[in-house]
Visitor: 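This is the structure, below, for whatever I ask next.
In what follows, chains carry the letters A, B, and so on, assigned in the order in which the sequence lines appear, proteins first and then strands, with residues in each chain numbered from 1.
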Amino acid sequence: MDEKKLIDGLKKKKVWAYEVLYDDYAPRLGSVIKSYLGYDDVEDVVQEVFIKVFRNVRKFRGDAKLSTWLYRIAVNVCKDTLSKRKRNNEFLTDFLESEDKVSLEPPASTNVFREVMDEMSFEELMNVVSKLSEDDRLLIKLRDIDDLSYEEIADILDKPVGTVKSRLHYARKRLKELLEEVGYIG
Amino acid sequence: MDNERLVRIMDREIPVEELRVEEKKELKEFAKALVMFKEKCCYKPSDQSRERAVAKIKKMKTKPYRMLGAVAACMIVGLFSVNFFTNNTILVKKKGDLYQLANVLGYGSGLNERLKVNLLATADTQNQNSVAMMESEMERSLGFLSSMPEQNDFEVSGINTTY
């Protein structure tokens with residue numbers, strides 16, 4: 001569908017436009033949210049993104065691509081969700097006894113598992129990836145998986161292109177180091 | 001492979017053909033990790049979640065109209081209430097000490113009659129319909145309040161003792 005027509009429909013609060021938007025963008029936004037938050041249950045966050053779109057679509061001037069604007073909303077919703085989750089975790093951690101603290105880190109990979117598998121398993125790799133920060137995961141997802149340009153990423157994150165480049169450089173370096181640590185590469 | 005070179009390869013600044021065999025192998029492993037990461041992040045919304053999201057949007061779309069309806073309903077109820085209470089007001093006048101005294105003395109019924117007659121007689125005259133006028137009429141009908149308060153006390157106490 002023509003993006004201009006879609007935006008027009010969204011601004012006029014037409015239900016069909018939101019249905020088209022959901023069909024076209026929910027999988028992409030959901031995967032970005034998943035990569036950032038690092039957990040599977042992202043339906044509520046995706047819904048929150050669409051509610052934000054409904055409320056703020058009149059503010060969309062069309063300077064950037066619709067997808068860039070949607071990604072930006074998704075990232076902002078993720079940041080809000082994460083800060084809420086951190087606040088809740090802090091509260092719970094304060095509440096619980098120190099010895100009963102819930103570990104938020106994924107379980108470390110075991111040598112036995114490596115020997116049995118002979119190759120890095122999916123879960124093990126995910127443990128490596130989860131050791132990256134949220135921002136690093138997001139940068140790698142947007143650049144190396146979704147293949148967005150540096151300019152688009154800079155627009156989404158509201159940061160200068162130079163900053164994005166340098167942060168992505170460190171994110172890739174960190175991922176490479178983590179993969180080397182577990183002997184996957186190098 | 002050093003990090004600078006990896007970044008340049010990932011940004012496609014260095015063509016894959018120019019890579020050494022070891023670099024290609026390392027890059028292949030790195031790319032495999034990225035593909036696994038991509039698989040992990042893959043999201044396919046269910047029909048149920050789509051329905052939920054669309055229903056939420058529909059609900060938000062009709063929210064202003066629903067609020068407007070609620071406000072209109074409140075205004076109609078308010079107007080009816082004001083109209084009802086304006087047309088069905090009962091004027092209640094607190095019975096004063098004087099009225100109670102008249103009842104004690106047995107003048108109560110006579111006073112009521114006189115008061116009613118007086119109200120009917122003076123209905124078209126605004127000033128005479130006031131509370132002050134009614135009280136002065138009651139005073140006159142009792143006939144003993146025009147004298148001094150001390151005397152009234154005496155009268156009352158005297159009556160009470162003989163009662």
Visitor: Following the transitive rule for hydrophobic clusters with a side-chain heavy-atom cut-off under 4.5 Å over Ile, Leu, Val, Met, Phe, Trp and Tyr, establish whether I145(A) and L148(A) coincide in one cluster.
Guide: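 Same cluster.
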
Visitor: Please determine whether residues L138(A) and Y170(A) belong to a single hydrophobic cluster, defined as Ile, Leu, Val, Met, Phe, Trp and Tyr linked transitively by side-chain heavy-atom distances below 4.5 Å.
Guide: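 Not linked; separate clusters.
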
Visitor: Between R50(B) and D23(A), does at least one N-O distance fall below 4.0 Å, as a salt bridge requires?
Guide: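 Looking at D23(A) together with R50(B), the answer is yes, because their closest N to O distance falls below 4.0 Å.
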
Visitor: List the steps and the verdict of side-chain contact (heavy atoms from CB on, under 4.5 Å) for Y18(A) and K56(B).
Guide: CA-CA 11 Å; Y18(A) 286 90; K56(B) 185 93 180 172; over 6 Å; no

Visitor: Taking every non-hydrogen pair under 4.5 Å, which of E43(A), R28(A), K13(A), R137(A) racks up the most with chain B?
Guide: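 Ranked by contacts with chain B, first place is E43(A).
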
Visitor: Do P27(A) and K44(B) have side chains that get closer than 4.5 Å, going by heavy atoms?
Guide: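 Sidechains of K44(B) and P27(A): no contact.
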
Visitor: Considering only heavy atoms from C-beta outward, does the side chain of F30(B) approach that of L175(A) to under 4.5 Å?
Guide: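 The answer is yes; the side chains approach within 4.5 Å.
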
Visitor: Taking the side chain as C-beta and beyond, is there a heavy-atom pair between E180(A) and E26(B) under 4.5 Å?
Guide: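 Yes, their side chains come closer than 4.5 Å.
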
Visitor: Would W16(A) and Y25(A) show up in the same hydrophobic cluster when neighbours are defined by side-chain heavy atoms closer than 4.5 Å?
Guide: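 Both belong to a single hydrophobic cluster.
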
Visitor: Sort R8(B) into side chain, backbone, both or neither according to what part of it lies under 4.5 angstrom from a heavy atom of chain A.
Guide: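 Looking at R8(B), nothing touches chain A.
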
Visitor: Are any of the side-chain heavy atoms of Y43(B) and S35(A) separated by less than 4.5 Å?
Guide: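 A side-chain contact under 4.5 Å is absent here.
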
Visitor: Given a strict heavy-atom distance threshold of 4.5 Å, which part of Y150(A) is in contact with chain B: side chain, backbone, both, or neither?
Guide: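 Side chain only.
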
Visitor: Considering only heavy atoms from C-beta outward, does the side chain of L168(A) approach that of V7(B) to under 4.5 Å?
Guide: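 In short, these two side chains do not touch, never coming nearer than 4.5 Å.
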
Visitor: In this structure, would F60(A) and V20(A) fall into the same cluster of hydrophobic residues linked by side-chain contacts under 4.5 Å?
Guide: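 Same hydrophobic cluster.
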
Visitor: Compare all side-chain heavy atoms of L125(A) with those of F37(B) and state whether any distance is below 4.5 angstrom.
Guide: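 No; the side chains remain at least 4.5 Å from each other.
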
Visitor: More than 12 non-hydrogen atoms from neighbouring residues, nucleotides or ligands closer than 6.0 Å to CD on E13(B), yes or no?
Guide: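 Above 12, so yes.
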
Visitor: Against chain A, work out which of M60(B), K58(B), K38(B) has the most heavy-atom pairs shorter than 4.5 Å and name it.
Guide: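 Top option by heavy-atom pairs under 4.5 Å: M60(B).
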
Visitor: Can we say D11(B) and R143(A) salt-bridge, meaning some charged N sits less than 4.0 Å from an Asp/Glu carboxylate O?
Guide: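 Yes, charged N to carboxylate O under 4.0 Å.
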
Visitor: Can you tell which of K25(B), K61(B), E39(B) has the highest number of heavy-atom pairs within less than 4.5 Å of chain A?
Guide: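 It is K61(B).
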
Visitor: Please report the C-alpha distance between C41(B) and Y36(A) in whole Å, then the side-chain angles of each, then the deciding distance to 0.1 Å, and finally whether the side-chain contact (heavy atoms from CB on, under 4.5 Å) criterion is met.
Guide: CA-CA 9 Å; C41(B) 298; Y36(A) 193 90; over 6 Å; no

Visitor: Can you tell which part of V46(A) gets under 4.5 Å to a heavy atom of chain B, answering side chain, backbone, both or neither?
Guide: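 It is the side chain, since no backbone atom gets that close.
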
Visitor: Is K165(A) close to chain B through its backbone or its side chain, or both, or neither, when contacts mean heavy atoms under 4.5 Å?
Guide: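 No part of K165(A) comes within 4.5 Å of chain B.
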
Visitor: Can you tell me how far apart CD (Q47(A)) and CD1 (I57(B)) are? Round to the nearest 0.5 Å.
Guide: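 Reported to 0.5 Å precision, the distance equals 8.0 Å.
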
Visitor: Side chains of L6(B) and K176(A), heavy atoms from C-beta outward: is any pair under 4.5 Å?
Guide: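 Side-chain contact under 4.5 Å: yes.
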
Visitor: Testing the basics here: between V54(B) and V15(A), what is the closest heavy-atom pair and its distance to 0.1 Å?
Guide: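 So the minimum-distance heavy-atom pair works out to CG1-CG1, 3.9 Å.
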
Visitor: Where do M10(B) and D144(A) land on the side-chain contact (heavy atoms from CB on, under 4.5 Å) test, with the steps shown first?
Guide: CA-CA 7 Å; M10(B) 293 298 290; D144(A) 295 336; 3.5 Å; yes

Visitor: Verify the cluster assignment for V161(A) and I140(A): are they in a single hydrophobic cluster under the rule of side-chain heavy atoms below 4.5 Å apart?
Guide: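 Yes; tracing contacts between hydrophobic side chains, which count when under 4.5 Å, links both residues.
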
Visitor: Hey, is NZ on K65(A) packed in by over 12 heavy atoms from elsewhere, all under 6.0 Å?
Guide: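 No, NZ of K65(A) has 12 or fewer neighbouring heavy atoms, counting only those of other groups under 6.0 Å.
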
Visitor: Quick check: are there more than 12 heavy atoms from other residues, nucleotides or ligands sitting under 6.0 Å from CZ of R55(A)?
Guide: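 Result for CZ/R55(A): open.
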
